[in-house]
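None of these values were measured; they are calculated from a predicted model.
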Amino acid sequence: MGSTHTENTGSEHGGTAGVGRRDLIKRSAALGLITVPTMIFLSACASGGGGDEQDKAKAGKKTAKNPLGVNDSAQLEFVLFDGGFGKEYAEDAVKIYEKNFPKAKVKFSATQKIQSTLQPRFNQGTPPDLIDNSGAEQMDMGVLVGKKQLADLTPLLDAPSYDDPNKKVRDTLRPGIVEMGQFDGDQVWILYYAYTVYGVWYSQKALDSLDEQYPQTWDQMLAVCEKAKKKGIAGWTYAGKYPYYVPFSLYPMIGKVGGREVLDAIDNLEPNAWKHPAVKACFEAYYELFKKGYILKGTPGLDHIQSQTAWAKGKALFIPNGSWVENESANVIPADFGLAVSAPTGLDSSDKLPFGTIWASGGEPFVVPAKAKNGAGGMEQLRIMLSEASSKNFTSKVKSLTAYNGGTDGISLTPGLKAGVAALEKAGENVVNPRIQDWYVQLQKEKIGVAGLGEMMAGRITPAEAIKKIQAFADEAAKDTSIKHYKHQ
């Protein structure tokens, strides 16, 4: 959502990124206001309209420098989510495309209103050639794939990488990036460009002032929050208006306590998946933060920027977020803040996975529509963005890793980036990647996030009521024949 985002999701977007931020969730990851229900998009996608084959740009000649056969005089249209990562990195990559194809005109734009801007164009069959589908108005990936609205990116992944003709693009990517773009089968529908570390973000300086270390068990977490409360500092805050940020630390905690299979069952929409004892224990742990008064007063009314600002000003110790937070809050994080991120606190020594288990995954989902006029150009723009130079440019400008496996040599890493890399090293193989935010965007954001977790964290429903409500939402999605369902292979 973030951005990611979100992100992917987040948010994903990614923050104004995402979920997904970035959203995703950059999220992604990664979030403007939720204004357009995803269901509108679902019905809109079903109809075809315009964009026939004759409208498509003629293929260009494939050469060593143009392996995707881009038509060197065809217009390229690129729409970016305008979130926590800004737009400069993409504008820089566009300049390289324009230099390589001087006869081509590139129409570049950035918006937070991805769905309301682009949904009518998908409906008419006249979508852009490349889209960063992130933020609160992220189009539902599962719907896009299910309705065959996206191009398979396998030609891009099998093309020679921008820097080394002897290496395919797919061989230059971080582990898990290709798989994240798959829904079922071998086709790859999405290229997640940012690499987001989700977790609990905090100020090392603030913890030091309490003479405390980051808590590894929930009893320790409550003790740290109690100590902070006595000094007039809240333990936690979060994006109360967008409570689907809470899973950035809650989901990996569930995975740590109960094992990956619990998260997989949730993703698969299995009956009673939310009734697993690990889910119950983690919901009850988070609810305790509310009951004991450890959540910053007024948090349910704060958006992502307001909650991050309060946290950066030292009003709360911890915030669940993605790695876009460093860039998105750069203007309010003090120089001596000691920005750090940790994997979520667990319950106790009976947890299935060790402390350090973290959620890290691709954020900022880029897609090439099936009916794009210049799909080869959209893929070539991505190939340029996956070069070492473009990756380094992104990392140095927006303080986040990319899908390119490298691109940090010679860059002086910012505190948040350094903390993210250290958290990944500590996690080792214990990296989880819940897919519900990619597969079922509306379920994750509006139902589980806002109607379930948001209500529980605000104290308006109990953990038992939240679980019952969320399980009902998941069952409803599982039975809904109008949406495509996905499962872990």
query: Distance-only, no hydrogens or angles: does the Asp152 side chain make a donor-acceptor pair with backbone N or O of Val188 under 3.5 Å?
result: yes
- request: Mind running side-chain contact (heavy atoms from CB on, under 4.5 Å) on Glu288 and Leu222 for me, showing each step along the way?
  value: CA-CA 8 Å; Glu288 231 174 328; Leu222 296 175; 3.4 Å; yes
- prompt: Are the side chains of Asp348 and Asp219 in touch, meaning some heavy atoms are under 4.5 Å apart?
  reply: no
Side chain Gln308, main chain Ser329, donor-acceptor under 3.5 Å: no
query: Centroid-to-centroid, Phe366 to Tyr192, below 6.0 Å?
result: no
field: Modelled atom types, side-chain donor and acceptor of Gln471 and Asp475, under 3.5 Å
entry: yes
- request: Starting at CG of Asn327, measure out to NZ of Lys397 and round the result to the nearest 0.5 Å.
  value: 11.5 Å
- prompt: About how many Å separate OG of Ser390 and CD of Gln381, when rounded to the nearest 0.5 Å?
  reply: 8.0 Å
task: Among Val169, Val368, Leu173, Val178, find the one that has a side chain to side chain contact (heavy atoms under 4.5 Å, CB included) with Leu191.
output: Leu173
task: Might you confirm whether atom NZ of Lys487 has over 12 heavy atoms from other residues, nucleotides or ligands at distances under 6.0 Å?
output: yes
- request: Answer yes or no: is there a side-chain heavy-atom contact under 4.5 Å between Gln437 and Tyr244?
  value: no
message: Under a 3.5 Å cutoff, is there a donor and acceptor pairing between the side chains of Thr345 and Tyr214?
response: yes
message: I'd like to know if the side chain of Thr117 and the backbone of Ile114 have a donor-acceptor N/O pair within less than 3.5 Å.
response: no
message: Tell me if a side-chain donor or acceptor on Glu326 pairs with a main-chain N or O of Leu417 at a distance below 3.5 Å.
response: yes
query: Tyr195 versus Leu424: any side-chain heavy-atom pair under 4.5 Å?
result: yes
message: In this structure, is the centre-to-centre distance between the rings of Phe337 and Trp311 below 6.0 Å?
response: yes
task: Write down the atom of Pro365, the atom of Ile190, and the distance for their closest heavy-atom approach.
output: CB-CG2, 3.5 Å
query: Between Glu284 and Lys280, is the closest basic N to carboxylate O distance under 4.0 Å?
result: yes
Test item: Leu443 and Ile448 side chains (from C-beta on) under 4.5 Å apart, heavy atoms: yes
message: Before you tell me yes or no, could you show the steps for Ser134 and Asp132 under side-chain hydrogen bond (donor to acceptor under 3.5 Å, both in side chains), namely the whole-Å CA-CA distance, both residues' side-chain angles and the distance that decides it to 0.1 Å?
response: CA-CA 6 Å; Ser134 194; Asp132 172 18; 4.6 Å; no
- request: Report the distance from atom NZ of Lys484 to atom CG of Asp140, rounding to the nearest 0.5 Å.
  value: 13.0 Å
task: Please assess Thr237 against Thr299 for the test side-chain hydrogen bond (donor to acceptor under 3.5 Å, both in side chains), listing each intermediate value before the final yes or no.
output: CA-CA 6 Å; Thr237 189; Thr299 286; 2.9 Å; yes
query: Is the backbone of Glu77 close enough, under 3.5 Å, to the side chain of Asp129 for a donor and an acceptor to pair up by distance?
result: yes
Heavy-atom pair with the smallest gap, counting every atom of Pro369 and Ile131: CG-CD1, 3.7 Å
query: Is Glu137 reaching over with its side chain to a backbone N or O of Gln115, donor-acceptor style, under 3.5 angstrom?
result: yes
- request: Take the angle between the ring planes of Phe78 and Phe108 and call it parallel below 30°, perpendicular above 60°, tilted in between.
  value: perpendicular
query: Can Glu476 and Lys447 be said to form a side-chain contact (heavy atoms from CB on, under 4.5 Å), step by step?
result: CA-CA 11 Å; Glu476 183 187 18; Lys447 295 182 175 177; 3.6 Å; yes
- request: Specify whether Phe85 and Tyr89 have parallel, tilted or perpendicular ring planes, treating 30° as the upper limit for parallel and 60° as the lower limit for perpendicular.
  value: perpendicular
- prompt: Do the charged groups of Lys256 and Asp351 touch, with an N to O distance under 4.0 Å?
  reply: yes
field: Mutual orientation of the aromatic rings belonging to Trp218 and Tyr286 [parallel < 30°, tilted 30-60°, perpendicular > 60°]
entry: parallel
- request: Kindly say whether the aromatic ring centers of Tyr486 and Phe183 come within a distance under 6.0 Å.
  value: yes
query: What distance separates Tyr287 OH from Ile461 CD1, expressed to the nearest 0.5 Å?
result: 9.0 Å
- prompt: Is it true that a side-chain atom of Ser203 and a backbone atom of Ala206 form a donor plus acceptor pair closer than 3.5 Å?
  reply: yes
statement: Smallest heavy-atom separation, Asn433 atom then Ala360 atom, equals CB-O, 4.3 Å
- prompt: Between Arg174 and Asn405, what is the shortest heavy-atom contact and its length?
  reply: NH1-OD1, 3.5 Å
task: Could you please spell out the steps behind the side-chain contact (heavy atoms from CB on, under 4.5 Å) verdict for Val79 and Leu130?
output: CA-CA 6 Å; Val79 179; Leu130 179 62; over 6 Å; no
query: Has the side chain of His304 got a donor or acceptor atom that lies under 3.5 Å from a matching backbone atom of Asn321?
result: no
query: Given side chains that start at C-beta, do those of Pro320 and Tyr238 come closer than 4.5 Å, heavy atoms only?
result: yes
- request: Please confirm whether the backbone N or O of Tyr198 pairs with a side-chain atom of Thr196, one donor and one acceptor, at under 3.5 Å?
  value: no
- prompt: What about Phe394 and Tyr193, are their ring centers closer than 6.0 Å?
  reply: yes
statement: Residues Phe248 and Gly322: closest non-hydrogen pair is CD1-N, 4.2 Å
message: So, taking the atom named CE in Met221 and the one named CD in Gln216, what distance separates them when rounded to the nearest 0.5 Å?
response: 11.0 Å
- request: Given side-chain contact (heavy atoms from CB on, under 4.5 Å), test Ile295 with Met457 step by step and report yes or no.
  value: CA-CA 9 Å; Ile295 293 173; Met457 294 304 288; 3.7 Å; yes
Table please: side-chain donor-acceptor pairs of residues 257-272 below 3.5 Å, with sequence neighbours left out.
from   : atom 1 : to     : atom 2 : distance (Å)
Arg260 : NH1    : Val431 : O      : 2.8
Arg260 : NH2    : Glu429 : O      : 2.7
Asp264 : OD1    : His488 : NE2    : 3.3
Asp267 : OD1    : Arg435 : N      : 3.2
Asp267 : OD1    : Ile436 : N      : 3.0
Asp267 : OD2    : Arg435 : N      : 2.9
Asp267 : OD2    : His488 : NE2    : 2.7
Asn268 : OD1    : His488 : N      : 2.9
Asn268 : ND2    : Asp264 : O      : 3.3
Asn268 : ND2    : Glu270 : OE2    : 3.2
Asn272 : OD1    : Lys275 : NZ     : 3.4

query: Side chains of Leu317 and Ile233: does their closest heavy-atom pair fall under 4.5 Å?
result: yes
task: To the nearest 0.5 Å, tell me how far Ile254 CD1 sits from Leu353 CG.
output: 13.0 Å
message: Tell me if a side-chain donor or acceptor on Ser323 pairs with a main-chain N or O of Val197 at a distance below 3.5 Å.
response: yes
query: Any side-chain heavy atom of Leu401 sitting closer than 4.5 Å to one from Val421?
result: yes
Distance-minimising heavy-atom pair for Ala372 and Pro128: CB-O, 3.6 Å
field: Ring centroid separation Phe473 to Tyr440 under 6.0 Å
entry: no
query: Using a distance-only test with no angle check, is there a side-chain donor-acceptor pair under 3.5 angstrom linking Asp480 and Ser482?
result: yes
